[in-house]
Amino acid sequence: MSRYNFKEQEGKWKQAWDEAGIFRADDKSPKPKYYVLEMFPYPSGRLHVGHVRNYALGDVVARYKRAKGFEVLHPMGWDAFGLPAENAAIRHNVQPMEWTRQNIEYMRAELKDIGCSYDWDRELLSCSPDYYRHEQKFFLDFLKEKLVYRKESFVNWDPVEGTVLANEQVIDGKGWRSGAPVERKKLNQWFLRITRFAEELLQGLQPLEEWPEKVRLMQQNWIGKSQGARVTFQVNELEEKSVEIFTTCPHTLFGASFIGLSADHPLVAGLAETNPALKTFVAECRAMGTSTRDLDTVEKKGFNTGLTVKHPFLKDVSLPVFVANFVIMEYGTGAIFGCPAHDQRDYEFATKYKLPILPVVYPKDSSPQKFDLDGQAYTGDGIMFNSDFLDGLPVDEAMTKAIAKLEKLELGKAEVTFKLRDWGVSRQRYWGCPIPIIHCPSCGIVPVPEKDLPVTLPENLSFDKPGNPLDHHPRWKHVDCPQCGEPAERETDTLDTFFESSWYFLRFCSPHSPKPLDKALVDHWMPVDQYIGGIEHAILHLLYARFFTLALNHCGYTDTKEPFTRLLTQGMVCHQTYKDESGAWLYPEEVLITEEGQAIKMNDGTPVKIGRSEKMSKSKQNVIASEKMISEYGADAVRLFILSDSPPDRDLEWTASGVEGTWRFINRLWRLYTIHTSLLSHFDRTHEPKDFDEKALDLRRKTHKFIRDTAHDIDRFHFNRYTARIREYVNIIEDFKVCSPEDSWALAEALHSLLPILVPVVPYLCESIHELIGHAGFAAELEWPIYDEKLIQDQLITIAIQVNGKTRATLEVPPSIGQEDLKAKVLDHPNVKQHIDGAAIKRFVYIPGRIANVVC
RNA sequence: GCGGGCGUGGUGAAAUUGGUAGACACGCCAGACUUAGGAUCUGGUGACGUAAGUCGUGGGGGUUCAAGUCCCUCCGCCCGCACCA
C-alpha cells in the first residue's frame, strides 16, 4: 500500500484553493455572516508552532462554520510596527521597512503552507501609509471630540544613550544596552481619554457571556471602579493651601495618623525647592522606573515635610504630612490619608515612622474591649468604635454618615474613582505611525489639515545615533505652519503600536475603501463573532480595542459598541529547554537523545542538561519552527497534533513523538478511503435500504451520534475531544465487517459522513480523498452532514449501581424504566446483594439515565 | 506587592458540569507478519494484591446518598501589571 504523499498533495491543493478563490468572503452573500478572527501576528521573522496553534484553532472554526452554511469572513494581516524592527535596524543596518517586508514575505508563505482558509484579498499591513493614514484621521477626530489631549508624564530615560526606554528595555533598573541607572523624566505627551468610557467599558463586560470569565474579571479589576470620598485637609502652616485626598474608607477618618503625598504631587514640587533633603528624596522616588511592579515591591519609605493638616472632624487634631514613595500621582488625587490600623501598607509605614495606630473597626464577633490588631492591619468588615459620632455603626452605614458629615462641613464629597488611567500613546521612536500634529512657535499646536494626510515616515534613515531618528532627520520635521505659514516643526513622536491593533478588525470589513471605514460593510460584518488569541492580551489589547470601538462609535463611524462577541484565549506552547556544559542555551535540533536517555550535543557529544519545559521563546532557544515540522510531517499532521493534545486554553507541550503519531493516523485515514474507493464512488445516500441488521444499525447509530457530538465539541472549543472522537469512530469503522449490501450501505454512509467532519482538522488530506473517490469540487465546500434524530435514541442505557456511594455493578435498562422497576432489578443483582449483606436499606437514590445508589 | 489562573497514570489528557475517574492518544511490554522503511496488525498497561478486594485526581479538613468537580486552608507552578506585542 502506498503512503500518502503529503508533499505533492498539499502543494497541489494549496494552489488550487488559491486559484479558485473559494475562501473569499462575499459582502453580498444571502447566507448569514460569520466573522472569525485570529489576532494578527507581529512579523518577527519565522512562524513558530505557537503561531500555528493560534491559526489552526481559527481555521477549524472558519471551516466548520462554512460547512454549517455561513458566509465566513476570515481575514489575515500584519501588525507590522514595533520595536524589533528598529532593533534589527540598529543591529544589522537594515531599514525597518525592508526588514519587515522580508519577514512578511516569508511568513505569508508559511501561513499558506498551514492550509488556513484566509481571504487573502483582504490582507492588510499596518505599517503601510494606506493603513495608517486612516488612524491619523481618527487621531484628529478624537482631538476634535476632546478624546485626545496632551499632558506631562514620565518616561524611562537612559541618561547615557539619551533615549527613552520601553519597560522591557529596563533590566533591574538599568538601561539594557548602556547599563546606566534609568531615570524618570517628564515629557509632554499625547493621551487618549479612555477614562471617559470607564463606566461603559465596565458595564459592557456584563453581556459578554461568551468571554472567559477570568478575562472579564481581569478587565473589571483593571478598570477598578471604587466608591469613596474626596476629602479636603487644610494645611496649618500655609495660608489658603489644602490637600485633597481620595479614600475608599472615609469611615476610618478617626483612625487617621498621617497624610501621604506622591513625590510628583504639585505641593511637593514647591516644598522641594527650599528643602534639599526633600529634593533628594523626590529624586530617589523618581529613580524607580515607571512600572507599577517596582512601586509595589519597593520598601515603603517616607519623608516628613514638617507640614501638618487639620483633621476634618477633630478641631484639636493635626496630622503630619509625608511624601510617601508608594503613593502614585496617576491614581485618585495623588494623595492619601493613612489609617494604619486598617490598611497594611499604612500599618508598615506607621510602624516604621512611629506614628499612632488607632483601631476604629472591630470584627462583628469581637468587641471594642477584646479586639487586638495583633501585629497587622484589620481590613475586614465590622463595627465602628473610637469614632465619635460613628461609634456602634456597621461599616457601610458609617461610610454614608461620614460622607454626609463631610459634605455638611464642605470638606468633602462622595466620589467614584477608577484605577484605569488614560492611555499614553506617544512614543519617542521611528517605527510607528506619525502623529499628525505640527508645533508652531506662534500658533501652538496645529493639527495637520486632512488634505495633507497621510503624514508618512521618511525612509532610508541612519540608526547610528541613539534616540529618535525622526528627530535627527535633516528635513522631515521642518514644515511651514498650516495656519500662519511660518516655519514650524512636526511632532516627532509616533503612536503606540497598540493603536494599529485597536481597529484592524474594523478595517478588514472594507479593506480597500478610500474611507477609513465603510459604515455599511462594517455594520454588516461586525461584531467579530469569534476572536482568538493569546491570554497575554487579556487586558491591554482587548481593552484598547473595546475603547477604540466605543470612540469610533461616538465619532459616527460604526453602530457597533462591543467588537468581540465570543473570545477564546489560547494557552502557550511550551518545550523543554537545553543547556550545554558552559550553561549556554541550545536549540532542540542541536541536542541528541541517546538510547539510554542521555542528552548529548549533536556536534561534539558533550553532555547536555535538560531543563524544565517553558514557554517557547527566542531567548531560551526552545522554539520549534513550524517550517521544519511541516516539511517533515505535513501541515495536516501538525494541525492534528496541535488540536488533539491539549484543550486550547491550556498550555501545550510540544513533543516530536506526538506529531509522528498523528502522521501515522493520517496514513491510516488515507488507507481506509483507498480500500473503499469504489464503494464510495458508487454510493447513493438517497437509496437507503429498508432493513438493517443489529450490527449495521449499531454503526448507523454511532455515525449519527458522531455527527451530532463532533459539532457540539467544536461549538464548545473542545477540539481535543473532537479529534479523539474522530479516532474512536475510525476505530469502529475499521472493525466493521461487511456481510450484506445493507452493511455496505451503512459503511459507505459512515465514510461519507466522516469526510466533511475531517475537513476542519486535515483539510489537505480531505481534498485528496475527495478527488480519490471521484467527486467534483472541493472538500472544503462540503456541507456538515445532518443527523437523524431517530437514530440518536438509545434502546438501552447503562446505569451505574452504587452501594453506599461505591460502584458495584452496572445494569442495561430501557431509558424509560421507572424507579420501582429499577430498584427491583438492582436489589436482585448478585454483586449488590453481596455488598448490602442483609443490611436494612435506608435510602434508594435514582438519577434517571445516570446512576442509582443504595444507601444502607 | 497587586490582579488572574493551573495542579488527574510514565507522558499529553477525558469525565455528559455534583453521578461508573483515566475516554482518545504518546510511551512502554508481549506476540504476529515481515525481515527496506519514520512501518503494519493483535493483546496488555493507575498503584498495591495470587485473588476477592483495597487505595487513588498537589497536601490537610469540610458539605453531600454521591466530590476531580462545591466550601475552607496550606503547598507548588504559571501569566499580566499600563512604553514588548
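Chain naming here is simple, since letters A, B, ... match the order of the sequence lines and numbering starts at 1 in each.
For B:G4, one of the phosphate oxygens OP1 or OP2 lies less than 4.0 angstrom from a side-chain nitrogen or oxygen of A:N221. A:S644 has no side-chain polar atom (N or O) that falls below the 4.0 Å cut-off from OP1 or OP2 of B:A25. Side-chain nitrogen and oxygen atoms of A:R721 include none within less than 4.0 Å of the OP1 or OP2 phosphate oxygen of B:A14. Dashed line: the shortest gap from a side-chain N or O of A:N720 to OP1 or OP2 of B:A25 is not under 4.0 Å. Under 4.0 angstrom from either OP1 or OP2 of B:U40 there lies at least one side-chain N or O belonging to A:R664. In this model, the phosphate group of B:C78 is not approached by any side-chain N or O of A:K214 to a distance below 4.0 Å at OP1 or OP2. Distances shown here put every side-chain N or O of A:R421 at or beyond 4.0 Å from the OP1 or OP2 atom of B:A82. Between A:R650 and B:G7 there is a side-chain N or O to OP1 or OP2 distance below 4.0 Å. A sub-4.0 Å separation between OP1 or OP2 of B:U20 and a side-chain N or O of A:R808 is absent.
Counting any heavy atom pair closer than 4.0 Å across all strands shown, A:L420 reaches a base atom. At a threshold of 4.0 angstrom between heavy atoms, the contacts of A:E330 with the nucleic acid are absent. As judged by a 4.0 angstrom heavy-atom cut-off over every strand, A:K300 is placed among residues making no nucleic acid contact. Counting non-hydrogen atoms under 4.0 angstrom, A:P41 reaches nothing in the nucleic acid. At a threshold of 4.0 angstrom between heavy atoms, the contacts of A:T662 with the nucleic acid are absent. Residue contacts for A:Q189: at a heavy-atom cut-off of 4.0 Å it reaches a base atom on one of the strands shown. Counting any heavy atom pair closer than 4.0 Å across all strands shown, A:E660 reaches no nucleic acid atom. Across all strands, A:G424 comes closer than 4.0 Å only to sugar-phosphate atoms, never to a base (heavy-atom distances). When heavy atoms are screened at a 4.0 angstrom cut-off, A:E632 is found touching base atoms of the nucleic acid. Residue A:N731 is classed as a sugar-phosphate contact, given heavy-atom separations below 4.0 Å to backbone atoms only. Contacts of A:H537 with the nucleic acid, taken as non-hydrogen atoms under 4.0 Å apart, include base atoms. Using a 4.0 Å heavy-atom criterion, one finds that A:L83 contacts the sugar-phosphate atoms exclusively. A:K806 comes within 4.0 angstrom of the backbone, heavy atoms only, and of no base. Within 4.0 Å of A:R843, counting heavy atoms only, lies at least one base atom of the nucleic acid.
Salt-bridge check for A:E491 with A:R150: passed, with a basic side-chain N closer than 4.0 Å to an acidic carboxylate O. The pair A:D709-A:R725 meets the salt-bridge criterion, since a charged nitrogen lies less than 4.0 angstrom from a carboxylate oxygen.
Heavy-atom distances to RNA chain B give each of A:N831 and A:W663 a nearest nucleotide, and the one nearer the 5′ end belongs to A:W663. Of the residues near RNA chain B, A:D79 and A:Y633, the one whose nearest nucleotide (by heavy atom distance) lies more toward the 5' end is A:Y633.
To the nearest whole angstrom, the two C1' atoms, one in B:U16 and one in B:A23, are 12 Å apart. Rounded to whole Å, the separation between the C1' atoms of B:A82 and B:C2 comes to 13 Å. Nucleotides B:C71 and B:G53, compared at atom P, are 35 Å apart to the nearest Å. Look at the C1' atom in both B:A14 and B:G62: the space between them is 28 Å, to the nearest Å. Here, B:G1 and B:C74 have their P atoms 14 Å apart, quoted to the whole Å. Going from the C1' atom of B:G58 to that of B:U69 covers 16 Å, rounded to whole Å. For B:U8 and B:A15, the P atoms lie 15 Å apart once the distance is rounded to whole Å. Taking atom C1' on both B:A47 and B:U57, the two are 13 Å apart, rounded to the nearest angstrom.
In this structure, the side chain of A:Y846 engages the main chain of A:G849 through a donor-acceptor pair within 3.5 Å.
Stem analysis of RNA chain B (Watson-Crick or G-U pairs, both distances under 3.5 Å, runs of at least three) returns B:1-7 with B:75-81, B:10-12 with B:24-26, B:27-32 with B:40-45, B:46-48 with B:53-55, B:58-62 with B:70-74.
Just one of A:W423, A:Y544, A:Y132, A:Y131 meets the ring-ring contact (aromatic ring centres under 6.0 Å, His included) condition when paired with A:F499; it is A:W423.
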Could you please spell out the steps behind the salt bridge (charged side-chain N to carboxylate O under 4.0 Å, His left out) verdict for A:E728 and A:R721?
-> CA-CA 10 Å; A:E728 201 175 18; A:R721 284 197 46 195; over 6 Å; no
A:E632 and A:K628: salt bridge (charged side-chain N to carboxylate O under 4.0 Å, His left out), yes or no, with the steps?
-> CA-CA 6 Å; A:E632 245 176 281; A:K628 185 169 175 274; 3.7 Å; yes
Verdict with supporting geometry, A:E135 and A:Y504, side-chain contact (heavy atoms from CB on, under 4.5 Å) | CA-CA 10 Å; A:E135 64 188 49; A:Y504 76 111; over 6 Å; no
Passes side-chain contact (heavy atoms from CB on, under 4.5 Å), A:Q802 versus A:I851? Steps please.
-> CA-CA 8 Å; A:Q802 300 183 330; A:I851 205 160; 3.4 Å; yes
Would A:E209 and A:R216 count as a salt bridge (charged side-chain N to carboxylate O under 4.0 Å, His left out) if you check the C-alpha gap in whole Å, the side-chain angles of each, and the deciding distance to 0.1 Å?
-> CA-CA 9 Å; A:E209 281 165 15; A:R216 290 203 284 169; 5.9 Å; no
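The CZ-P distance, from A:R53 to B:G12, rounds to 14 Å in whole Å. The interatomic distance linking A:F81 (CZ) with B:C84 (P) rounds to 17 Å, in whole Å. Taking atom CG of residue A:N804 and atom C1' of nucleotide B:U64, one finds them 13 Å apart after rounding to whole Å.
Using the six-membered ring where Trp is involved, A:W663 and A:F6 have ring planes that are perpendicular, over 60° apart on the 30 and 60° scheme. Using cut-offs of 30° and 60° on the angle between ring planes, the pair A:H541 and A:Y531 is tilted. By the 30° and 60° cut-offs, the orientation of the rings of A:F719 relative to A:Y722 is perpendicular.
Using a 4.0 Å cutoff on non-hydrogen atoms, the parts of residues 848-856 of chain A near RNA chain B are A:R850, A:I851, A:N853, A:V855, ordered by number. Of the residues in residues 491-505 of chain A, those placing a heavy atom less than 4.0 Å from an atom of RNA chain B are A:T497, A:F498, in numerical order.
No donor-acceptor contact under 3.5 Å links the side chain of A:E536 to the base of B:C78.
Both the sub-6.0 Å distance and the 45° axial angle are satisfied by A:K151 relative to the ring of A:F191. Relative to the ring axis of A:F154, A:R184 places its NZ or CZ within 45° and under 6.0 Å from the centre.
For the pair A:L187 and A:S426, the minimum side-chain heavy-atom distance is 4.5 Å or more.
B:G38: glycosidic angle beyond 90° from 0, hence anti.
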